[in-house]
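Please read the structure below before turning to the comments.
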Amino acid sequence: MRIIKSVSEMQSYADSLRMAGNTIGFVPTMGALHEGHLSLIRKSIEKTDKTILSIFVNPTQFSPSEDFGKYPRDFERDEKLAEDLNVDVIFYPSKEAIYHDGHSTYTIVEGLSAQLEGESRPSHFKGVSTVVNKLFNIVKPHIAFFGQKDAQQALIIKKMTADLNLDIDIFVCPTIREDDGLAMSSRNIYLSPDSRKQAPLIHQALKEAESLHLNGEKNPEMLIRKITDTLNSAPIARIDYLSIVNSETLLPVESTNEGALVVVAVFFEKTRLIDNILLTTSK
Ligand code: AMP
């Protein structure tokens with residue numbers, strides 16, 4: 001496994017892989033790898049010839065009040081996990097390699113970036129779409145892999161790819177969960193023991209809504225009420241947003257037809273967790 005830190009070296013290596021006829025799969029991450037990330041890597045290895053994992057804690061997607069400085073970092077552990085899975089390259093650039101002095105160009109996906117997460121974290125998706133666009137230009141993948149856990153992010157990346165005519169397929173992988181249903185996230189380590197105990201209620205609440213929907217409840221207000229009641233039974237939980245939206249436009253739906261997405265962000269003390277579930281008409 002190669003570890004590449006330089007942008008130009010990564011670009012030349014990607015060129016050489018392509019020249020040799022390989023398809024390149026790309027898994028962008030901020031490191032502190034968990035089973036969610038590993039599932040993306042496994043899917044890339046299954047579907048492509050060469051898998052490139054990037055590890056970059058991207059400063060431009062954090063607001064000044066967020067956790068950029070204390071975001072978990074453990075490169076040695078990540079390296080071992082990647083090696084065990086047969087990743088071909090870890091692209092591990094410095095902040096300065098990605099954002100050179102005087103960097104002033106950004107990629108903004110209007111509309112989708114302003115809703116939900118975008119309302120709570122106004123410049124977050126500007127940072128995400130910018131860094132992913134840059135990483136795409138550096139890693140030159142054929143297919144890039146993202147998690148449904150960050151449903152809005154995956155949609156924004158798909159939209160950016162389509163709008164900018166990028167010749168890259170975006171593959172979205174299912175959310176990987178702990179045994180008790182909590183969606184895996186690098187931020188789960190911030191949870192206090194009490195919060196950790198209560199956090200699986202998020203998934204439980206979403207599953208309850210899914211089952212009500214399957215039993216014929218199509219009124220989003222009723223489903224939202226039920227989810228709110230369940231979440232309120234966790235004394236620490238504080239809902240940041242909870243909405244049932246169209247899974248393509250992210251606009252609220254009036255009736256939960258096939259493909260409506262329940263999206264939620266909940267604070268457990270200072271830790272903000274997000275999750276979602278796609279409502280289907282049959283299981
Ligand atoms: P991050 O390191 O948090 O930026 O995440 C990198 C990629 O892993 C993103 O595409 C995430 O959506 C995906 N991811 C994070 N958590 C999970 C999870 N629990 N299940 C599946 N994918 C995930």
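Atoms within a ligand are numbered from 1 in the order they appear, just like the ligands themselves.
Closest to atom 22 (N) of ligand 1 among all protein heavy atoms lies Gly147 CA, 3.5 Å. Looking only at protein heavy atoms, the nearest one to atom 12 (O) of ligand 1 is Asp150 OD2, 2.6 Å. With hydrogens left out, the protein atom closest to atom 5 (O) of ligand 1 is His37 NE2, 3.5 Å, a heavy atom.
Contact annotation: for Glu35 versus ligand 1, there are no heavy atoms closer than 4.0 Å. Heavy atoms of Pro174 found under 4.0 angstrom from ligand 1 belong exclusively to the backbone. Contacts between Gln148 and ligand 1 below 4.0 angstrom, taking non-hydrogen atoms only, are absent altogether. Residue Pro28 touches ligand 1 through its backbone alone, judged by heavy-atom distances below 4.0 Å.
Ion pairing between a basic and an acidic side chain is recognised when a charged N comes within 4.0 Å of a carboxylate O; Arg121 and Asp240 show no such pairing. In this structure, Asp88 does not pair ionically with Arg2, as no charged nitrogen and carboxylate oxygen lie closer than 4.0 Å.
Any N or O atom pair closer than 3.5 Å counts here, and Met184 shares at least one such pair with ligand 1. An N or O contact shorter than 3.5 Å links Ile176 to ligand 1 by distance.
Taking each of Gln153, His34, Met30 in turn, the one with a heavy atom nearest to atom 16 (N) of ligand 1 proves to be His34.
The side chain to side chain donor-acceptor pair (under 3.5 Å) analysis of residues 161-170, with sequence neighbours excluded, yields the pairs Lys159-Asp163.
Distances below 4.0 Å separate heavy atoms of Leu40 from the following atoms of ligand 1: 7 (C), 8 (O), 10 (O), 13 (C), 22 (N).
In the model, Thr230 has no side-chain atom that pairs as donor or acceptor with a side-chain atom of Gln204 under 3.5 Å.
When hydrophobic side chains of Ile, Leu, Val, Met, Phe, Trp and Tyr are connected at separations under 4.5 Å, Ile176 ends up clustered with Met184.
Residues Phe62 and His124 fail the side-chain proximity criterion, which asks for heavy atoms closer than 4.5 Å.
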